Trainee: 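What follows is a structure written as structure tokens; I'll ask about it next.
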2 protein chains.
Amino acid sequence: MPKRFGTDPGNEEKGHPKRFECFKKAKHVNLKQLSQLLGLSQTTVSRALNGYPEVNAETRQRVLDAVRETGYRPNRAAQRLATGRAGSIGLVMPTADGIESDVHFGEFLAGLGDEAVKHDFHFVINPSHPEEEVATCRRLVASGNVDALFLAYMREKDPRIAMLKTLKTPFVVHGRSIGVPTDYPYLDIDNTGAFYDAARLLAQLGHRHFALINGPDYLAFSIRRKKGTVRALAEHGLTLREECVQHSQMTDEHGFRAMERFLQLETPPTAVLCSSTVLALGAVRAINQAGLKLGTDISLIAHDDVLPMLKPENFMVPLTTTRSSLRAAGQRIARRLIADILTLETLPQQELWKTDLIVRASTGPAPAGK
Amino acid sequence: MPKRFGTDPGNEEKGHPKRFECFKKAKHVNLKQLSQLLGLSQTTVSRALNGYPEVNAETRQRVLDAVRETGYRPNRAAQRLATGRAGSIGLVMPTADGIESDVHFGEFLAGLGDEAVKHDFHFVINPSHPEEEVATCRRLVASGNVDALFLAYMREKDPRIAMLKTLKTPFVVHGRSIGVPTDYPYLDIDNTGAFYDAARLLAQLGHRHFALINGPDYLAFSIRRKKGTVRALAEHGLTLREECVQHSQMTDEHGFRAMERFLQLETPPTAVLCSSTVLALGAVRAINQAGLKLGTDISLIAHDDVLPMLKPENFMVPLTTTRSSLRAAGQRIARRLIADILTLETLPQQELWKTDLIVRASTGPAPAGK
DNA sequence: AAGGAAATCCAAAGCGCTTTGAATTTTGGG
DNA sequence: CCCAAAATTCAAAGCGCTTTGGATTTCCTT
């Protein structure tokens, strides 16, 4: 039971506002006070601040200066009420047994937060079983608590996209679906290209037997990475054997088991691609355990999301990687989402980031005779 | 530059509200409409909904029924403006090179979100270098964008607590600091007890040489876990050798290296405690690599935060663990935080959760003669 | 120098909710 | 049956911002 407030302390100010302003450690100035201070109307000040054109340049400058001096910050709740915008972005966090509430998510989130906090944007974090993602999205939008949505963990023919397009809520997708028109706003990295480049490098180094330790097979990025790999191999007259492909959560353990399995094959691979440095961790372990020398007996390239806690250069044998910062992607998406909200123009923007291929010690020429 | 709206579509409703209400797929009912519908004043309806006592029981029921029928949901922005409460909770996310924006954080966050979304609470996620945490907290509170703070990653004599106590913003700490009065609201698990229990079990099984693979040495939970271990050993006339203690980020790699190092000692430990299943992953790997048999040659107990992606029962040799769900902690803290905000009573509540000690196959009697 | 367009600026009306201060109805004791 | 106290209910005043619809001024054209 909420209890009633006593007399609102704010009322006591009424008598001698000036006095109290000194005491109450700069109790936030509000628009009214600011405009009085400037001898302008609230309208004009508001417009000056929000970049409307019908304000004299000089006046605007005066306002801006005053803002700096007084430390004025508009009350977000009031803005939200007046504009009808919620000032926050929603994100559905997949979460269930065996589903990746993983390292990668945290890193990405840090990027989002980084940017959002600069603009006083909030988050509504809505954990959801992957099965119910569509419903959760819809509910989130309907709640009116968010004015933009962030989507990730795209699948093939992901139903969320079509659904979101019917609503008028802006959204940005991290990744791209497959098999649906790509006319929605997204930010993705060139997964196909990354693994194409990586595989090609290894092929050029003479490797003929490849393996791929990938993410879950239902996620779009996994599919693309495989495609890139296959394509590069094809160009060298090589194929990727199905028994040399692993699809699973990107944990160390899965990396380990996959590699272990590969090494027991009749003709084990000498070149391995990993979808994450986390997977690589396990794979390298298996390689060591088998007594093989990374970079000599077997080459490995991993995709590096630039997780601060797992740096490829710190591996015993530094890892060759395709690199793209997950955090940077988070920042960028937050920026776009916020821009969308503020301008109200949902330009279906698409961005595809190239990855860097960074050669370190884990890659070398194919061992002779293999 | 924000562009001006056209004529507000909402205005068109004015003429024939009834008509449009049918079209605009149940455009949210607001308090005014609801009260008219009931033939009551907004005041009364508002009070009925917020649990104020001066409302007739029958009237309240009528209101509640109407809410159910109309699907009325108060506009949060308006509430925030009227009450001055922000309806959101702030969290400072430590993030820097080598700092754990780790798995554990994501899991905890899922718990927070789970609960918060039920009450329409938002988050303000503020990444910050650990060095600047105090300043970030202060700024976050000053921004007026949050009305409660969540703190984690407690250190010894953590300065944030004293700071927060001077502010009037409610907060809940996940964990407990050390060396400062514990008169603040916290939720912690009994780390000392957990590791005491674990170490005692191993001692009872005849183990005499112990090792501890712990989290960062500056974090309170690490300190407590070590203390619990030492205490249990002392009761059995044993000591924990300094060279058998590892403090580091809780990654697989650190677990591996630590274990590797231990096994090279003159007298290697036969009993190992790990602060996380993630660490255990690495440790187990090192054990296998050394050709030792887990549960026979060497026993291991890990603390299990119940990460969905790393279940102790799925290890090759299922892990004996001390268990406490991180996600449950997140939920509980969110609940408390929200309660604090709504009732405005900052009762300095303390909770200390006991952990479960679950015996699986990774523990066994000390090998003979060791 | 007059008239109209363009440039600026303003008063006031909300946005949807909470809370105050007072009115109205019930209830209970004498 | 009357009156004060208790129980209910209400009208109206904000909360701080945005936006509409004018008002006022300035600047050009002819």
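Heavy-atom basis, side chains included; hydrogens, waters and symmetry copies ignored. Computed from a predicted structure; not experimentally measured. Note on naming: letters A, B, ... go to the chains in the order of the sequence lines (proteins, then strands), and numbering restarts at 1 for each one.
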Trainee: With sequence neighbours excluded, tell me which residues meet side chain to side chain donor-acceptor pair (under 3.5 Å) with Q36(A).
Mentor: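 Counting only residues at least two positions away or on another chain, Q36(A) forms no side chain to side chain donor-acceptor pair (under 3.5 Å).
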
Trainee: Could you tell me how far apart N56(A) (CG) and dC10(C) (P) are, to the nearest whole angstrom?
Mentor: 11 Å

Trainee: Honestly, is R76(A) close enough over F121(A), meaning NZ or CZ under 6.0 Å from the six-membered ring centre and within 45° of the axis?
Mentor: yes

Trainee: Counting only side-chain nitrogens and oxygens, does Q79(A) get under 4.0 Å of the OP1 or OP2 atom of dT18(D)?
Mentor: yes

Trainee: dT8(D) P sits how many Å from L38(B) CG, rounded?
Mentor: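 About 17 Å, once rounded to whole Å.
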
Trainee: To the side chain of N30(A), which of dC17(C), dG16(D), dC9(C) is closest?
Mentor: dG16(D)

Trainee: Starting from C1' on dC17(C), measure out to CZ on R80(A) and report it in whole angstrom.
Mentor: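 About 15 Å, once rounded to whole Å.
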
Trainee: Below 4.0 angstrom from OP1 or OP2 of dT9(D), is there any side-chain N or O of T59(B)?
Mentor: yes

Trainee: Taking side chain to side chain donor-acceptor pair (under 3.5 Å) as the test, write out the residues that go with S41(B), two or more places apart.
Mentor: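 Checked S41(B) against side chain to side chain donor-acceptor pair (under 3.5 Å); matches are T44(B).
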
Trainee: Atom pairs, N/O to N/O, protein against nucleotides 23-25 of chain D, distance under 3.5 Å?
Mentor:
none

Trainee: For R139(B), give me all partners under salt bridge (charged side-chain N to carboxylate O under 4.0 Å, His left out), at least two apart in sequence or on another chain.
Mentor: none

Trainee: Suppose we screen for salt bridge (charged side-chain N to carboxylate O under 4.0 Å, His left out). Which residues come up paired with D120(A), at least two apart in sequence or across chains?
Mentor: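 If we apply the salt bridge (charged side-chain N to carboxylate O under 4.0 Å, His left out) test to D120(A), skipping adjacent residues, the hits are R73(A).
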
Trainee: So, does S46(A) get its side chain near the phosphate of dT19(D), meaning an N or O under 4.0 Å from OP1 or OP2?
Mentor: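 Answer no for this pair, as no side-chain N or O of S46(A) is under 4.0 Å from OP1 or OP2.
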
Trainee: Rounded to whole Å, please give me the gap between OH in Y52(B) and P in dA6(D).
Mentor: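 One finds 21 Å between P of dA6(D) and OH of Y52(B), rounded.
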
Trainee: Tabulate protein N/O versus nucleotide N/O from nucleotides 10-13 of chain D, keeping only pairs under 3.5 Å, one per line.
Mentor:
| residue | atom | partner | partner atom | Å |
| --- | --- | --- | --- | --- |
| dC10(D) | OP2 | S41(B) | N | 2.8 |
| dC10(D) | OP2 | S41(B) | OG | 3.2 |
| dC10(D) | OP2 | T44(B) | OG1 | 2.9 |
| dC10(D) | N4 | R47(B) | NH1 | 3.0 |
| dA11(D) | N7 | T43(B) | OG1 | 3.4 |
| dA11(D) | N6 | T43(B) | OG1 | 2.4 |
| dA12(D) | N6 | T43(B) | OG1 | 3.4 |

Trainee: Taking only residues two or more places apart in sequence or in another chain, which ones pass side chain to side chain donor-acceptor pair (under 3.5 Å) with D147(A)?
Mentor: none

Trainee: Among all residues two or more places apart in sequence or in another chain, which pass the side chain to side chain contact (heavy atoms under 4.5 Å, CB included) test with A152(A)?
Mentor: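 By the side chain to side chain contact (heavy atoms under 4.5 Å, CB included) rule, A152(A) matches F150(A), H174(A).
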
Trainee: What pairs with V172(A) under side chain to side chain contact (heavy atoms under 4.5 Å, CB included), at least two apart in sequence or on another chain?
Mentor: P185(A), I333(A), R336(A), L337(A), D340(A)

Trainee: Is the count of non-hydrogen atoms from other residues, nucleotides or ligands lying under 6.0 Å from K32(B) atom NZ greater than 12?
Mentor: no

Trainee: Rounding to a whole Å, what distance do you find between R85(B):CZ and dT19(C):C1'?
Mentor: 12 Å

Trainee: May I have the distance from E58(B) (atom CD) to dA7(D) (atom C1'), rounded to whole angstrom?
Mentor: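 So the CD-C1' distance, E58(B) to dA7(D), works out to 14 Å.
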
Trainee: Using the side chain to side chain contact (heavy atoms under 4.5 Å, CB included) criterion, which residues pair with V141(A)? Sequence neighbours excluded.
Mentor: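 If we apply the side chain to side chain contact (heavy atoms under 4.5 Å, CB included) test to V141(A), skipping adjacent residues, the hits are L149(A), L167(A), T169(A).
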
Trainee: Rounded to the nearest Å, what distance is computed from the CG atom of residue N75(A) to the C1' atom of nucleotide dC15(C)?
Mentor: 13 Å

Trainee: Of the listed nucleotides (dC17(D), dG16(C), dT9(D)), which one gets closest to any side-chain atom of A78(A)?
Mentor: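 When the side chain of A78(A) is considered, dC17(D) is the closest of dC17(D), dG16(C), dT9(D).
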
Trainee: Using whole Å, report how far NZ of K32(A) lies from P of dA12(C).
Mentor: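 Rounded to whole Å, this separation is 12 Å.
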
Trainee: Using a cut-off of strictly less than 4.0 Å, decide whether N50(A) has a side-chain nitrogen or oxygen near OP1 or OP2 of dT18(D).
Mentor: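 True: N50(A) side-chain N/O within range (under 4.0 Å) of dT18(D) OP1/OP2.
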
Trainee: Taking H28(B) for its side chain and A142(A) for its backbone only, find out whether a donor-acceptor pair lies under 3.5 Å.
Mentor: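 It does hold such a pair.
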
Trainee: Nearest to the A82(B) side chain among dT19(C), dG16(C), dC17(D), which nucleotide is it?
Mentor: dG16(C)

Trainee: At how many degrees, to 10°, do the end axes of the helix from dA1(C)-dT30(D) to dG30(C)-dC1(D) meet when each uses five pairs?
Mentor: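 Comparing the first five pairs with the last five, the axes sit 40° apart.
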
Trainee: Identify, with sequence neighbours excluded, every residue that meets side chain to side chain donor-acceptor pair (under 3.5 Å) alongside R160(A).
Mentor: E133(A), D158(A)

